[in-house]
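Keep in mind the model is a prediction, meaning the values are calculated, not measured. Just so we're on the same page: letters track the sequence lines, and every chain starts at 1.
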Amino acid sequence: GKSEEPTGTPPTTQSAEPAASEAEPTTTGPWTIGMSQCNLGEPWREQMNTDIEQAALKHDELEVIFKDASNDTLKQRAHVEEFVAAGVDLIIISPKEAQPLTEPVAKAIEAGIPVIVLDRRVIGDRYTCFIGADNVLIGREAGKWIVDQLGGAGNVVELKGLMTSTPGQDRHRGFREAIEGTAIDIIFEADMKWLEPDARKEMESALARSGEIDLVYAHNDPGAHGAYLAAKAAGREDDIMFVGIDALPHEGVMYVKQGIMDATFQYPTGGAEAIDIALTILRGEEVPKEITLGSRVFTQDNVDAGGEPIGGES
Amino acid sequence: MNEIHQSESRHAPTDAAGAALLAMTGIGKSFGRHRVLDDVDFDLRAGEVHVLAGENGAGKSTLIRILGGVHQPDGGSIRIAGRLVRPRSPREAAGFGVAIIHQELSLAPAMAVTDNIFLGRERTSGGWVRFGEQRAAAGRLLKRLGLEVDPGRLVGELPIAAQQMIEIAKALAFDARIIVMDEPTSALSEPEVERLFARIADLTTRGCGIIYITHKLEEVYRQADRITVLRDGRKIITAPAAELPAPALIRHMVGRELVEHPVRREPVAGEVRFRVEHCTVRAASRGRPPVVDDVSFEVKRGEILGIGGLQGSGASDLLWGLFGAHGRRATGRVKLDGRPVALRSPRRAIRRGVALLTNDRKQSGLVLSMDVAANATLASMPRISPGTWLSRRRELELTAASTKTLHLRAASLRQPVATLSGGNQQKVVLAKWLNTRPRVMLLDEPTRGVDVGAKREIYQLMDEWARAGHAIVLITSELPELLLMSDRIMVMHRGRLTAMFDHDEATPERVLHAAMGGS
Amino acid sequence: MAGKPDEPALSTKPATLSELRRLAAHPATTALFALLLVLLLGFIFSGDGAFYKWTTHRDALRQASVFGILACGMTLVIITAGIDLSVGSVLALVAVCFSLFSIHWRLTPWLAIPACLAIGTACGAVSGGIIAKLRIQPFIMTLAMMVFARGLAKTVSGGMKVSTAVANDDGTYRYVDVPQIFRMIDSRLLGDNISVVSLIFLVCVAVSWILLARLRWGRYLYAIGGNEEAARLSGVPVSAMKVLAYGAAGLFSAVAGLCQAAQEQQGDPEAGTAYELTAIAIVVIGGTNLMGGRGGIGLTLLGTLTIGYLEKILSINAVPEAGRLMLTGIIIVAAVLLQRRRA
Amino acid sequence: MAGKPDEPALSTKPATLSELRRLAAHPATTALFALLLVLLLGFIFSGDGAFYKWTTHRDALRQASVFGILACGMTLVIITAGIDLSVGSVLALVAVCFSLFSIHWRLTPWLAIPACLAIGTACGAVSGGIIAKLRIQPFIMTLAMMVFARGLAKTVSGGMKVSTAVANDDGTYRYVDVPQIFRMIDSRLLGDNISVVSLIFLVCVAVSWILLARLRWGRYLYAIGGNEEAARLSGVPVSAMKVLAYGAAGLFSAVAGLCQAAQEQQGDPEAGTAYELTAIAIVVIGGTNLMGGRGGIGLTLLGTLTIGYLEKILSINAVPEAGRLMLTGIIIVAAVLLQRRRA
Ligand SMILES: Nc1ncnc2c1ncn2[C@@H]1O[C@H](COP(=O)(O)OP(=O)(O)OP(=O)(O)O)[C@@H](O)[C@H]1O
Ligand SMILES: Nc1ncnc2c1ncn2[C@@H]1O[C@H](COP(=O)(O)OP(=O)(O)OP(=O)(O)O)[C@@H](O)[C@H]1O
Ligand SMILES: [Mg+2]
Ligand SMILES: [Mg+2]
């Protein structure tokens, strides 16, 4: 998320140094790609790996080694070191934290191995290419959508993701910016730590507290679904709207299709894009330093049409 | 049997005597609403041995625990060498020159002998322990007590007898003026007891005062300069040993005339009930000689077979092996009423009608967290839980019956055994085995830490069981008990059977000689 | 109390007296204090009166139920002086299997449920067997099982939640109905007044109570926890009883797993993480001693309510995460302090 | 074991003989087996020869160091028959404070480090004091501290990572340098051949070894774990020693926290979650008994290497998460089985 990018660093506009030139000059492969995922515990990251896998399958000159840091920064740092030691041709990393992984990534670059940073940033510009979506923007879009759904006024419950994590903070910030100055008030907010059972518990508390709830904004789809189950158990699911984020095909999108959720905002994994960029780099061609993925919104009306794009270009 | 010992009373108190070392006055103590000590006076002079006598639960240990700073008295005062003191912790008490050999062994099993001996009083220079020095000192100390054990060995590996000697060494390790011994010989055999008495002798000559608690009358009259009797937490009398002959002493302790132990029943020579052939028990760690080496014997219905031996004789190991408690370590053939039985586990042994009362009730006898009834019925659950459903009624009935025959003294059958006095705890263990309706009883130190009255009762019970046709194997480190109770006496040394005597041909000398390895 | 020599051992009067004393100082009494303390908090901080609504209490009980079920098994194990860290992972494993069987394979509950219970019991029994026979410390054995079962759950589920969105071969997804059995377990009875999972929890409590207080085996479990050596020498089948205890813990974990899956309408291989700590906390707050040999299931029931209400009260007052954690810590200590005489 | 007879010691020259036997069956020997077993795995599955590179071993040691430091404190506590679940949270609390002091407040290490160590020690000492004085079971007390310290860490950090991206008042971020001390702790010495954190770990091992094996206090800790009542009767200052043990555990957690912050170059309030389990596993795999009274720091050193290498080997072979978990479970049991004679 952007918030971790210090404004001090110049957003390098010009293209990356042709990393491939340091790598062996072959432009046909075969190539080995090391992929370090920070935590496969989360479905969204599972999806990211799947996307990468699917994309890579289409190119049999590519072999991808997956590693899972199971949510431990230092483990992920070790991954990078191991990839460098093993001399892979390119590294894709979806960092748990910006700060701690900045230097390991830089070291890899120094070792002449191009690095694609997925989803979360590293600090500075010592990487080859960043691919990611903007959580603040998505939060803002969700906010806007909610505002005009509720006609600018209503009682909203916000079920926050782990607030010590950047996505949680950004989806919160963007949302609050959007509803700034409207008559929408947040009557209940709690940290459900991305977990469905917790979301359900908190929603039950919200229901117990107040009779008037128009909409639930959850920082991820499982959260929204948990809230829905709670409302359903209280027999109030029909007078409440449920909005979530992530829009995984088998989660959020499904829920919208089933009419459980009213809207979900896609947080793209960038897995497929990563492989395309990787090939470009490996072939020695130039790539942009930054790729901001666009997001899509899925609602009852457009879900079957595959949703509508919002925000940034893609 | 007590009279014989009165004659050979200890040397007269030395001139050092008279100087009052300790004066406890008006000591009172209650646990909850249970008054354990009531206005007890007790004093100790330099150079004397002051025996504290009383039934189980009389309050002896509690009194000296107060002196040792373990319990705080509800009332009363303590003066040591004239100075008014109030020991709030064992550490403080030690500071006042009080050393206590506790009735319940207070050792850390996983620590080496040396570490245990110096625990709390390490020889250090600036916090750093001087191990070499300690080890040497421990070695000397143990030698003087005649315990041939490597000071580096873990205490837990030693048998209860060796542990008790270490407990003693611990108390003697630092020079205290007041030394309290709470049943120090309850698991010791003759020679060790003698060595202890020798130490006591030169401690008193050096002007220390000794408080000695025991249930063994012969020890009382060999040691005591003065005797104080407690009963139900009250002081009954303090008198010079000479003025308090055994019958009077017992009367004071028990508070009633005690039925003399009847003359020995004539052994009803029934047919063989329990035959053991070539029993051998391997040592726990390989590379060591077997602890029991090819022992064969038989016990008839209605017979009491006594096993004599010094510690290390392997007698306990033998019983553990026969009971299946040593698992595959034990080999040999066992016949019960002529039918061969494989005693592979205690569970099976119990089913076949064999019972083993071990020599350490805290470690392997009682479940201290459970109450009297639960402990008394633990080995006979099927009797009180037909089809696994537990019948509390039967449980209480069974317990009541068995504990009554043993004259157990407890507030209720639901009292936690942890709060019973030593003797009464022993009775609970006996009750447990009674309830299994055993055909063969293996008793390892059954009267350990049991008071005169209870001891008589246990003797009578053993006779009754014998009359009822049970076969009884008895290990005891008390020679008089061995000679009194056994129809036949088998003597062991280092795991080997060294002699077998009939009741009449057994004399203390011959038994001891065999126990030392002579045959 | 060291009665007169002539006084019969089983004298009715002191017996009844001590009965009374025991009642006064009974663990349950002190465990009750702890619960009342927490309830008091609820009355003071009622979250805009939410605490005065019956539904709040109904939901509090529902939320506590899964933990309570785990705690029942944990109690059995702890009484034998053991511990079971694997309950959370076994819960996840069973939740995944149950979803797989019911949602994807469309098995009838009559097959799916017994199969799931068997899986859970097996996990527990294996731990118990190894602990008893190979003498591995319960903590480390169940720690290993905890890691292993989690891995198994991820393998079975292919690392993804097993939900009603089923993958087609072309990578797209199709939606299938939530199985009837899921809805049943997640429903309420007695005019919407009590959740089925809460009832299941109470059944588990009853079963464990019978086992502990009314059956021979219960006595054996206490004996093993109090003094394993003495128990063995008294003919208690120690190994079998340990397998029983851990097997039962596994069984209860499985039951909890069914409830979890039904309430989430999916099998999440990440479910139940760190639940074992909550379960243990519940048992100990109740007053059961981790040293073994003491305690009981009634205490665990009280402990479940204490922890459950604590959670609920913090939640309806929307206390922010950081504050929640700190308060939880403080209140746990406060609650246990009410029983320090027992520890 | 006590009171249960065993083979005669009265054999000739028992000292030397038993010396030999003790060496042969010494826990360290068996702990070594476990380590060798894991190393063997490494030689077989070398991850394209990565295992034969020195750097791999250097990094394995570095990764294991933080856990090893925690395990040192855990060993002290476990030897007193206690346990400390709060080490992970205390680590996080200290990491957050250290980053706050060093990055945001720009304090000199000479102030920041002592302050952090004090914080950690305080947390431990509080647990120890309450456990000793108010007789709360270690498990539940440190569980409460674990929850509390986590909450405190989140409060202090304002619920965000304390990183070199410092928030301006206008909500934007400004980037400040990574403090020198961070870089120092995270650097390598002896010609890049060993990480500083590894050295710190070894220092912690040495300190604990002196405490346990050479100082009077060590004897006291063992005695308390072996037989607390006996220790008290022998005049051991039990309460003080418990405060010492848990205080030391807190201190080591603080040291680990410093290392964590330096390596992450930030203070993450979520850091160290579930580290306590790893630390305990390390101690037990080494061969130290959770029942207390036995074990030593040398064993913990071996345990640290065992676990550390296990992690590394699974990682260089890119074993997928699910498989890794299952393997870990199996190998832990296998390793401990090599020592079941001890348990
Ligand atoms: N901690 C305790 N709590 C409750 N009651 C206790 C406690 N300790 C001792 N008692 C009771 O105090 C009484 C005296 O116990 P004490 O151990 O002093 O007897 P004793 O004279 O030493 O007996 P014995 O000769 O068997 O050792 C007993 O009735 C015992 O049940
Ligand atoms: N002096 C000693 N030093 C060390 N160990 C000893 C000593 N005496 C006996 N043992 C231990 O005692 C064990 C056998 O003791 P056991 O209890 O079987 O004999 P016992 O005569 O029944 O002793 P007790 O009379 O105490 O029951 C031996 O294996 C040995 O370990
Ligand atoms: Mg006594
Ligand atoms: Mg013996």
Side-chain angles (χ1 to χ4, degrees), chain A residues 39-43 45-47 49-51 54 68 70-71 157-158 160 162-164 168 186-211 222 225-226 228-230 232-235 248-255 257-260, chain C residues 46-60 62-64 66 150 154 157-161 163-167 171-178 183 186-188 192 195 260 263-266 268-273 275 311-322 324:
Chain A
N39 177 23
L40 271 184
E42 305 159 29
R45 302 194 167 276
E46 184 66 44
Q47 184 66 37
N49 279 26
T50 321
D51 293 349
Q54 299 294 345
D68 170 15
S70 45
N71 224 1
V157 171
E158 181 181 11
K160 301 181 283 188
L162 196 59
M163 281 311 278
T164 47
I186 307 299
I187 55 167
F188 187 91
E189 58 179 304
D191 193 333
M192 47 86 175
K193 313 188 204 69
W194 307 120
L195 298 175
E196 174 152 351
D198 293 48
R200 183 172 177 176
K201 286 182 193 170
E202 299 305 340
M203 186 58 184
E204 273 174 348
S205 300
L207 291 163
R209 280 181 67 110
S210 53
H225 185 241
Y228 169 82
L229 290 177
K232 195 164 188 304
L248 295 187
H250 60 290
E251 261 183 13
V253 176
M254 264 301 163
Y255 295 147
K257 278 211 183 91
Q258 295 164 241
I260 290 176
Chain C
S46 65
D48 303 353
F51 192 75
Y52 304 127
K53 298 198 190 112
W54 163 243
T55 56
T56 307
H57 297 263
R58 180 194 62 198
D59 296 343
R62 185 192 62 76
Q63 290 165 18
V66 165
R150 179 72 60 190
K154 290 191 175 194
S157 68
M160 303 178 61
K161 293 179 182 172
S163 70
T164 53
V166 185
T172 62
Y173 289 88
R174 105 188 91 85
Y175 165 75
V176 299
D177 276 336
V178 177
R183 299 201 181 283
D186 194 18
S187 64
R188 296 202 210 86
D192 234 29
S195 321
Q260 184 85 4
Q263 293 183 82
E264 284 192 46
Q265 301 190 346
Q266 66 184 6
D268 179 357
E270 297 290 332
T273 311
Y275 278 22
E311 276 240 336
K312 192 66 183 176
I313 291 162
L314 291 170
S315 166
I316 57 175
N317 289 288
V319 179
E321 184 65 8
R324 259 183 219 205

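- Proximity to chain C (any heavy atom under 4.5 Å) is shown, for E202(A), by both the backbone and the side chain.
- Nearest heavy-atom pair, H225(A) versus E264(C), reported as atom, atom and distance to 0.1 Å: CE1-O, 4.1 Å.
- You'll find the side chain of R62(C) reaches within 4.5 Å of the side chain of R200(A), heavy atoms only.
- Contacts of S315(C) with chain A are made by both backbone and side-chain atoms, with heavy-atom separations under 4.5 Å.
- Only the backbone of R174(C) comes within less than 4.5 Å of a heavy atom of chain A; no side-chain atom from C-beta onward does.
- Residue contact with chain C, scored on non-hydrogen atoms closer than 4.5 Å, involves the backbone and the side chain of E204(A) alike.
- Only the backbone of E189(A) comes within contact range of chain C, with at least one heavy atom under 4.5 Å from a heavy atom of that chain.
- Heavy atoms closer than 4.5 Å to chain C are found in the backbone of A234(A), but not in its side chain.
- For K160(A), no part sits under 4.5 Å from any heavy atom of chain C, backbone or side chain.
- Of the atoms belonging to R150(C), not a single heavy atom falls under 4.5 Å from chain A.
- Taking chain A as the reference chain and counting heavy-atom pairs below 4.5 Å, the highest number among V166(C), D59(C), D268(C), T164(C) is found for D59(C).
- Proximity to chain A (any heavy atom under 4.5 Å) is restricted, for E321(C), to the side chain, taken from C-beta onward.
- When all heavy atoms of S205(A) and K312(C) are compared, the closest pair comes out as OG-NZ, 3.6 Å.
- When atom types are taken as modelled, the side chain of R209(A) and the backbone of A318(C) share no donor-acceptor pair closer than 3.5 angstrom.
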